[in-house]
Structures are given as C-alpha cells and as structure tokens.
Amino acid sequence: MKNKILIANRGEIAVRIIRAAKELGYETVAVYSSADESSLHVKLADEAICIGGNQSKDSYLNKTNILSAAISTGCNAIHPGYGFLAENSEFVEMVESCNIAFIGPTSKTISMIGDKATARNIAKSHGIPIVEGSDGVVSDQHEGLKIAKKIGYPVMIKASNGGGGRGISIVRSDEEFLSAFERTSMEAETSFGDKSLYIEKFIESPRHIEIQIISDTFGNFVHLFERDCSMQRRNQKMVEETPSPILNDLLRRRIGLAAIKLAKAIHYVNAGTLEFIVDPKGNFYFIEMNTRIQVEHPITEAITGIDLVKEQIKIAYGKELSFKQRDIKINGHAIECRINAEDAMHGFTPSPGKITNILFPGGMGVRIDTHIYPGYEIPPYYDSLIAKLIVHAPTRREAVKKMRVALEQFVIEGIHTNIEYQYLIMHNTDFIKGQYDTGFIARFNALVEAESSE
Ligand code: ADP
Ligand code: ADP
Ligand code: MG
C-alpha cells in the first residue's frame, strides 16, 4: 500500500506539508472549504476533497467530514498543521480509533499537556520553574480575586484551553478583576468552547523564548535550540528570530535542558514547542507547550538544516530520528516576518480581497512560505497570515539587512499588508540592538501613529 497523507489544514502550512510529503514520495490529499476552492493547497495536492462551508466550524473544524475524507481516499496518516484541530484531543482520539496515524503526539499526551492549567502543574511537579499563580483552574471569580490579591497585581487571567493570544487579560487592580474575569470567561467559551480560566502573575517586560524539541517512538529526544518571539502584538507573534539576542550559552543550555526534561517526563513523541518567558533578570518560567508544528518553525530549520515537517512525518510512520543532540549546531542567524493581510498603518484592520499583482523577493538565504498568487482572492473567514518571509545569514546584522532588502522588494497589490510596518521595525534602533520585550510593538505603534499623523 502506498503511503498517503491527508492534510487537515489550509493556507501556507497546508502547502508546506504537501511539499514535504511529496519530497518523501508520499501521496497527498487536500481538504478545503467552499471558500478555498481556488486555494493553492488544493491545486498542489494529488487529490482534493471539499469538506464543507466557508465557516471553520463547518469545514476545517468538522471532525467527521475530515475523517470521512481520509477514509474514502485511503489515507494512512493525517497531518493537522497548526490551529484548527491540531491540538484537539477528541479529534486525535477519533483518528487513532480509525487506525490512521496522527502526525503529532497521542491524544492522551495532548489532553494532558494541552490543557494549560494542567501543564503548569505537571511542569512544577518535575521541578521546572513556572510563573506564580493559581493551582490549576480557578473555580469562580471570588476564588480568582483571592488568588490575585495573594500573588499581587498585575495578574494575567488566561483561558486554560486558549491559543493564538486570545482569551488572555491583564488585570491591574481589585476593581478591574471581577469584570475582567467575566469577560475573559465569555471569550474563552466562545473562542475555545471551554470557559475554564487560570491565573498567573504578570511578568513585566519579559522576553518570549521557546524551545523546539523533537522525539521519536524509540525514546530519542533532541532540542533544536530556541526561538525568540518577543515581538508580539496583543500576545500574538509578529517577528521571530533565532538564536535569541539575550541568551548566553549557559542560559541557553539551562532552558534547553528544562525543555527536554519535561518532554521526557511526559513521554512526548513528535515535534513540540515549550514556551517560556524570561524576565529582565534572566529568570525563566515555563508557560505552555504547543503539541504541534509552529508557525515560526522555518527559522529553526534555517539554523539547524533540519526539515521539521519531514521529520514529523517520518516519526509518525515509525522511523527513528537520524540525528543526535551532539549533531545539532547553530549555524548563523535567522529571522521570520509574518506577512498579514491587514492595514497595519490603520489599526491592523483585516484586509481580505483580490490580490492583483505580486512580486516575491528572492536570492541567497531568502525563503517564502505562502499560498498566495496573483489573482488569488483572500477569503474573510480565516487567519490574516498570508505569507512568511524568512531570511538566513551568517550573523544577526547581516540577517537584518537581508530582511530589509527582501521586504523592500516584496510587492503585493490589491490589498493592504503589514510589509511596510515590518520594514519600519527592521530599522528601529532597539530592534537592531536586540533590546526589545513583549511590550515593544505597543510602544512602537504609538510612535508610528504619531509620525503618520504629522
Ligand atoms: P504559534 O503558536 O505557532 O507561534 P500562533 O499562536 O499564532 O502561532 O498560532 C497559530 C495559529 O493557530 C493561529 O491561527 C492561531 O489563531 C491558531 N491557534 C493556536 N492555538 C489555538 C487554539 N488553542 N485554538 C484555536 N486556534 C488556535
Ligand atoms: P497562547 O496559548 O495564546 O499562545 P500564552 O500563554 O503562550 O498564550 O501567552 C501568550 C503571550 O502572552 C506570551 O507569548 C507572552 O508574551 C504573554 N504572556 C503569557 N504569560 C505571561 C505572563 N505570566 N506574564 C507576562 N506575559 C505573559
Ligand atoms: Mg503561546
């Protein structure tokens, strides 16, 4: 029987996965919503099946339709990409019970570590530092208020099942607490179908540092160093780089070891990311684990030379990792800019519509992962991410320069994008020095707005 993979996703990541599968000689099946009929992943896959209407809940979140598509086309594996059903343990359980390989960890692992409040407790029980906060999910707003008073403001209220930066609030006083709790609870319910919340102390001016790990069914665990994702707007990443400008070798080794320790403790299999925040004194705290491929994985691929998606597929088909920790070295510096269909200069409002013309940048060390093409119409129903621009150069300074040139030569006509905004970031003195924290974009926005209103 030929190996055949169904890709349960859309957009750039579906294209990314199809390419990896084809390079391995595997057949591919794309699924699409009615809005995505003319999307690139549909054209590139060997077969494509419509799984429902425009809204995600009718198509990319429709578990039974996706499984039926996999069974009827004879697929023996499903790659979930990121978002949608990638971290849905119920879906993964269904896949497992159909004897189809899920390209990711088991449903049991996902239900355990995917719940962010539970993940904190697991990390703590293995001696991994976590941010001070509630012991698991908070039962109601009154218990929440007590905990907030105890740990001291500011605090963060977070959805236990949250992701993508949504379902998170910062609270700075008792007065704000009850209404913020209510609001976040409702947002969690509507966005994630689960209103469970937990509380963490808000760490001021932190860096977001995450560790990419990968492991196989033979018990081999390797970490592929860090990604610095501190450039965030509303807790959502915009620019990522590796290595992090703030880590020295000692801290890098300590965080890497903590990540591997936790991954081993939960018998994790496949690619995963452990997210940490690092305070200005260099203390690090585990915040969550993403049990899937991440948007920013290409920068790790650039500096390590490892194709993470191909490795994910091979692991799911029972192959052993072909490298050991000692084989992995950091080679140069990589930066990714997320290119979004949004009017960055006017409040980041989404900008769907028809792309009339595109000119892609290129050259040595420039990579673009995208699903857009001239004439493509961006539907309004999904994420605004339309491309990822990744550069790789021997040094950080050269990588920044390469990114500037690439952004300058990246033309997308017909819609608004954040290309110009990213270009401005690449010229900011603090960014150039590597001195930024998760509050950078909020401060930078104020500057950009002041300048554009002059
Ligand atoms: P990454 O964590 O890979 O760096 P994001 O946090 O931006 O990137 O998440 C990637 C995509 O997945 C985004 O479209 C985001 O909205 C979505 N996403 C992440 N986690 C969840 C979740 N738990 N539920 C629904 N969507 C999610
Ligand atoms: P998501 O599941 O949406 O990715 P995370 O828990 O990873 O949510 O948090 C998203 C972002 O919010 C982090 O990358 C970080 O910038 C910020 N953040 C999370 N927890 C804290 C905290 N305790 N203090 C300060 N910032 C935090
Ligand atoms: Mg996160």
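Source: prediction; values computed, not measured. When a ligand or atom number is given, it counts from 1 through the structure's own listing order.
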Margin query: Taking the cut-offs as 6.0 angstrom to the six-membered ring centre and 45 degrees off its axis, would you call Arg234 and Phe348 a cation-pi pair?
Written below: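 No; the conditions do not both hold, so Arg234 does not lie above the ring face of Phe348.
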Check: Where do Ser59 and Ile51 come nearest, in terms of heavy atoms and distance?
Finding: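 Shortest heavy-atom separation between Ser59 and Ile51 comes out as O-CD1, 3.2 Å.
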Check: So which heavy atom on Ser39 is nearest to which on His371, and how close?
Finding: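 Closest heavy-atom pair between Ser39 and His371: OG-CD2, 4.2 Å.
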Checklist line | Heavy atoms from other residues, nucleotides or ligands near CZ of Arg254 exceed 12 (cutoff 6.0 Å) | finding: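 No - once you tally the heavy atoms of other residues, nucleotides and ligands closer than 6.0 Å, there are 12 at most.
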Checklist line | His346, NE2 atom: more than 12 neighbouring heavy atoms under 6.0 Å | finding: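 Atom NE2 in His346 is not packed in, count stays at 12 or less.
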Margin query: If you take the nearest heavy atom of each of Met231, Glu288, Lys237, His208, which one is closest to atom 14 (O) of ligand 2?
Written below: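 Considering heavy atoms of Met231, Glu288, Lys237, His208, the nearest to atom 14 (O) of ligand 2 sits in His208.
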At less than 4.0 angstrom from any non-hydrogen atom of [X], what atoms of ligand 2 do you find?
| X | value |
| --- | --- |
| Ile168 | 8 (O), 9 (O), 10 (C) |
| Thr438 | 16 (O) |
| Gln232 | 11 (C), 13 (C), 14 (O), 15 (C), 16 (O) |
| Glu275 | 7 (O) |
| Gly162 | 2 (O) |
| Gly163 | 1 (P), 2 (O), 3 (O) |
| Ile277 | 21 (C), 22 (C), 23 (N), 24 (N), 25 (C) |

Item checked: Heavy-atom gap Gln236 to ligand 2 smaller than 4.0 Å ->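 No, Gln236 has no heavy atom closer than 4.0 Å to ligand 2.
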Next item on the list: Just let me know how Lys116 lines up against ligand 2, side chain, backbone, both or neither, with a heavy-atom cut-off below 4.0 Å.
Entry: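 Near ligand 2, Lys116 shows its side chain, while the N, CA, C and O stay back.
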Notebook entry, point to check: Taking Asp216 for the side chain and Gly219 for the main chain, is one N or O donor matched with an acceptor at less than 3.5 Å?
Noted result: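 Looks like yes, one N/O pair under 3.5 Å.
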Notebook entry, point to check: If only atom types and distance count, is the side chain of Asp369 paired as donor or acceptor with the main-chain N or O of Lys388 below 3.5 Å?
Noted result: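 A pair under 3.5 Å: no.
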Next item on the list: Would you check if the Mg ion (ligand 3) lies under 2.8 Å from any N, O or S atom of Glu210?
Entry: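 Here the distance criterion (N, O or S atom, under 2.8 Å) is not met by Glu210, so no.
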Note to self: If you consider just the N/O/S atoms, which atom of Glu275 is the closest one to the Mg ion (ligand 3)?
What the structure shows: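 Relative to the Mg ion (ligand 3), the closest nitrogen, oxygen or sulfur of Glu275 carries the name OE1.
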Next item on the list: Quick one: report the N, O or S atom of Glu288 that is nearest to the Mg ion (ligand 3).
Entry: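 That would be atom OE2.
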Next item on the list: Output every pair passing salt bridge (Lys or Arg N to Asp or Glu O under 4.0 Å) with a member in residues 421-435, not counting sequence neighbours, ordered by first then second residue.
Entry: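 Residue pairs passing salt bridge (Lys or Arg N to Asp or Glu O under 4.0 Å), neighbours aside: none found.
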Item checked: Counterpart residues, ring-ring contact (aromatic ring centres under 6.0 Å, His included), relative to Phe177 (two or more places apart) ->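 Phe177 satisfies ring-ring contact (aromatic ring centres under 6.0 Å, His included) with Phe181 only.
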